[in-house]
Amino acid sequence: MMGTVGHRVESLASSGIKCIPKEYVRPQEELENIGNVFEEEKKEGPQVPTIDLGEIDSPSEVVRGRCREKLKKAAEEWGVMNLVNHGIPEELLNRLRKAGETFFSLPIEEKEKYANDQASGKIQGYGSKLANNASGQLEWEDYFFHLVFPEDKRDLSIWPTKPSDYTEATSEYARLLRKLATKILEALSIGLGLEGGRLEKEVGGMEELLLQLKINYYPICPQPELALGVEAHTDISSLTFLLHNMVPGLQLFYEGKWVTAKCVPNSIFMHIGDTIEILSNGRYKSILHRGLVNKEKVRISWAVFCEPPKEKIILQPLPELVTEKEPARFPPRTFAQHIHHKLFRKDEEAVSN
């Protein structure tokens, strides 16, 4: 395992190279639309909607309804949104960010003690992308990945022991995020004309919905216009909640163009994932997105993927949402089959290109 140090993007970035290895260079058709992220962030044009969640618990049904309506519209049109007044204390978000930054500032040798081993199926821990498709493409990032909720399913033995606040800050964040997920799922259910608890039940409920944290660490890149921190993809989750260190990088493929998400202070960025897109029969969108890198600032993001259990649930459009006029747009699959289908399709594309 110790032989993997050379594969860390951080060690590549700090080695002083001026040109990035060819595995990190994107194909020509992609290079045409990768720009300087700081200039991209300043551009006018369509903006990711910002939803004020302060009103979702209002005593007034009218106010609650208005808030749900805005959330529904953002989920239908964009599939992503900035959540403000989300009820998670800013002080906790800062602690969480500080803990992750402190872990990643440790020497690589120290982080390697937590190395994952994808080959043997040990996916939790410190890692970097291995070439997983026929094109052999790599991404400009290292990461730390682990399950954070439900608490009885965690493996605390692989959680960072430095900084000492890591476990407490991360656990508290996970608990509050799980409550937030319930609120969002309830609003989205009502938006589909269903009972409030329906979507939550369909994705596994309190016992089975898994919250997986991935801290993405994007080192400074000497040739940022040639690389991507994360390639274009849609999330397989039901919902994804994202925090970042206020360095831009996230882009969304909206109406045929890449739009750079502007950094909104104290917000949590939320994606609708494939799971909810499928259950809603495509009414709510799981948007294609990617991550740019830059040569000035390290970018760190904290993504929590809320995932249904792999085998226990069949994901398919809910029967109430399937009509003659709106036939089912997705075949029934387990979550595991959905993941397999996506990977398989990607390999086929890589071979045929």
Side-chain angles (χ1 to χ4, degrees), residues 48-49 51 56 65 67-81 83 177-178 180-212 232-242 252-256 269-289 303-349:
V48 173
I51 306 295
I56 208 153
C67 183
R68 285 198 303 264
E69 202 49 47
K70 288 178 191 158
L71 201 124
K72 171 186 168 172
K73 187 166 178 273
E76 290 174 342
E77 287 180 18
W78 280 83
V80 285
M81 58 201 82
L83 304 176
L177 209 49
R178 184 62 187 84
L180 182 59
T182 293
K183 274 186 199 177
I184 299 283
L185 289 167
E186 182 179 359
L188 292 172
S189 286
I190 295 169
L192 294 168
L194 304 165
E195 293 273 311
R198 182 66 182 280
L199 281 177
E200 167 130 10
K201 187 170 133 281
E202 296 287 346
V203 296
M206 258 322 177
E207 277 67 56
E208 299 290 344
L209 185 67
L210 305 177
L211 271 57
Q212 314 268 16
H233 66 287
T234 61
D235 286 3
I236 53 178
S237 59
S238 58
L239 302 171
T240 303
F241 294 97
L242 189 82
L252 310 140
F253 197 63
Y254 181 73
E255 295 186 342
F269 193 92
M270 187 187 86
H271 291 260
I272 302 286
D274 298 346
T275 297
I276 295 290
E277 181 175 63
I278 292 165
L279 291 169
S280 73
N281 201 24
R283 286 206 212 167
Y284 295 144
K285 304 279 180 293
S286 180
I287 196 172
L288 195 67
H289 56 284
V304 174
F305 304 98
C306 304
E307 299 186 348
K310 284 216 162 47
E311 305 289 353
K312 285 189 180 168
I313 292 172
I314 303 285
L315 292 176
Q316 59 188 340
L318 297 173
E320 296 91 325
L321 307 177
V322 177
T323 60
E324 251 175 85
K325 216 171 80 202
E326 293 275 335
R329 295 170 53 178
F330 305 93
R333 289 190 177 107
T334 63
F335 187 59
Q337 285 167 334
H338 176 67
I339 295 169
H340 180 78
H341 162 77
K342 281 186 92 163
L343 288 174
F344 182 68
R345 215 175 46 199
K346 200 163 156 184
D347 273 347
E348 281 185 337
E349 282 166 16

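Note that the structure is a prediction, hence the values are computed from the model and not measured. One-based numbering along the sequence shown.
The CD1 atom of Ile287 sits 5.0 Å away from the CG atom of Leu252 when rounded to the nearest 0.5 Å. Taken to the nearest 0.5 Å, the OG atom of Ser189 stands 12.0 Å off from the NZ atom of Lys72. Distance check: Ser238 OG to Leu199 CG gives 9.0 Å after rounding to the nearest 0.5 Å. The CG atom of Leu188 lies 6.5 Å from the CG atom of Leu239; values are rounded to the nearest 0.5 Å. In this structure, the separation between CG on Leu321 and CG on Leu279 is 9.0 Å, given to the nearest 0.5 Å. Once rounded to the nearest 0.5 Å, the distance linking CG of Asp235 with OG of Ser286 reads 6.0 Å.
Residues that satisfy the salt bridge (Lys or Arg N to Asp or Glu O under 4.0 Å) test with Lys201, not counting sequence neighbours, are absent from this structure. When the salt bridge (Lys or Arg N to Asp or Glu O under 4.0 Å) test is applied to Glu77, the partners found at least two apart in sequence or on another chain are Lys73. Annotation: salt bridge (Lys or Arg N to Asp or Glu O under 4.0 Å) contacts of Glu208 (sequence neighbours excluded): Lys312. Ser237 meets the side-chain hydrogen bond (donor to acceptor under 3.5 Å, both in side chains) test with Thr240; sequence neighbours excluded. In this structure Ile190 satisfies the side chain to side chain contact (heavy atoms under 4.5 Å, CB included) test together with Arg68, Glu186, sequence neighbours excluded. Applying the salt bridge (Lys or Arg N to Asp or Glu O under 4.0 Å) rule to Glu202 yields the partners Arg198; only residues at least two apart in sequence or on another chain are considered.
Formation of a donor-acceptor pair under 3.5 Å by the Lys70 side chain with backbone atoms of Ile51 is not found in this model. Between the side chain of Tyr284 and the backbone N or O of Ile272, no donor-acceptor pair lies under 3.5 Å.
Taking each heavy atom of Ile314 and Pro332 in turn, the nearest pair found is CG2-CB, 3.7 Å. Closest heavy-atom contact between Thr334 and Lys310: CB-O, 3.4 Å. Nearest approach of Ala303 to Leu242, heavy atoms of both residues: CB-CD1, 3.6 Å. The minimum heavy-atom distance between Thr275 and Phe335, with the atom names listed, is OG1-CE1, 3.7 Å. Nearest heavy-atom pair, Gly204 versus Ile313, reported as atom, atom and distance to 0.1 Å: N-CD1, 3.6 Å. Between Leu209 and Pro308, the shortest heavy-atom distance links the atoms CD1-N, 3.9 Å.
At a cut-off of 3.5 Å, with distance as the only test, no side-chain donor of Lys285 or Thr234 sits close to an acceptor on the other residue.
The shortest side-chain heavy-atom distance between Met270 and Phe241 falls under the 4.5 Å cut-off. Side chains of Val80 and Phe269 form a contact here, defined as non-hydrogen atoms less than 4.5 Å apart. Inter-residue side-chain proximity for Ile56 and Ile184 is flagged as unmet; no heavy-atom pair is nearer than 4.5 Å. Between Leu315 and Asp274 there is no side-chain heavy-atom pair separated by less than 4.5 Å. Residues Arg178 and Leu211 are in side-chain contact: their nearest non-hydrogen atoms beyond the backbone lie under 4.5 Å apart. Proximity of Leu318 to Asn281: side-chain heavy atoms (C-beta onward) are nowhere separated by under 4.5 Å. Residues Ile236 and His338 form a side-chain contact, since some pair of their non-hydrogen atoms from C-beta on lies under 4.5 Å apart. Side chains of Leu288 and Tyr254 form no contact here, defined as non-hydrogen atoms less than 4.5 Å apart.
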Between His341 and Arg333, is the side chain to side chain contact (heavy atoms under 4.5 Å, CB included) condition met? List the steps.
CA-CA 9 Å; His341 162 77; Arg333 289 190 177 107; 3.2 Å; yes
Could you please spell out the steps behind the side chain to side chain contact (heavy atoms under 4.5 Å, CB included) verdict for Met81 and Leu71?
CA-CA 8 Å; Met81 58 201 82; Leu71 201 124; 4.0 Å; yes
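Using bins of under 30°, 30° to 60° and over 60° for the plane-to-plane angle, the ring pair His271/His289 lands in the tilted bin.
The environment of CD in Glu195 is sparse: at most 12 heavy-atom neighbours from other residues, nucleotides or ligands sit within 6.0 Å.
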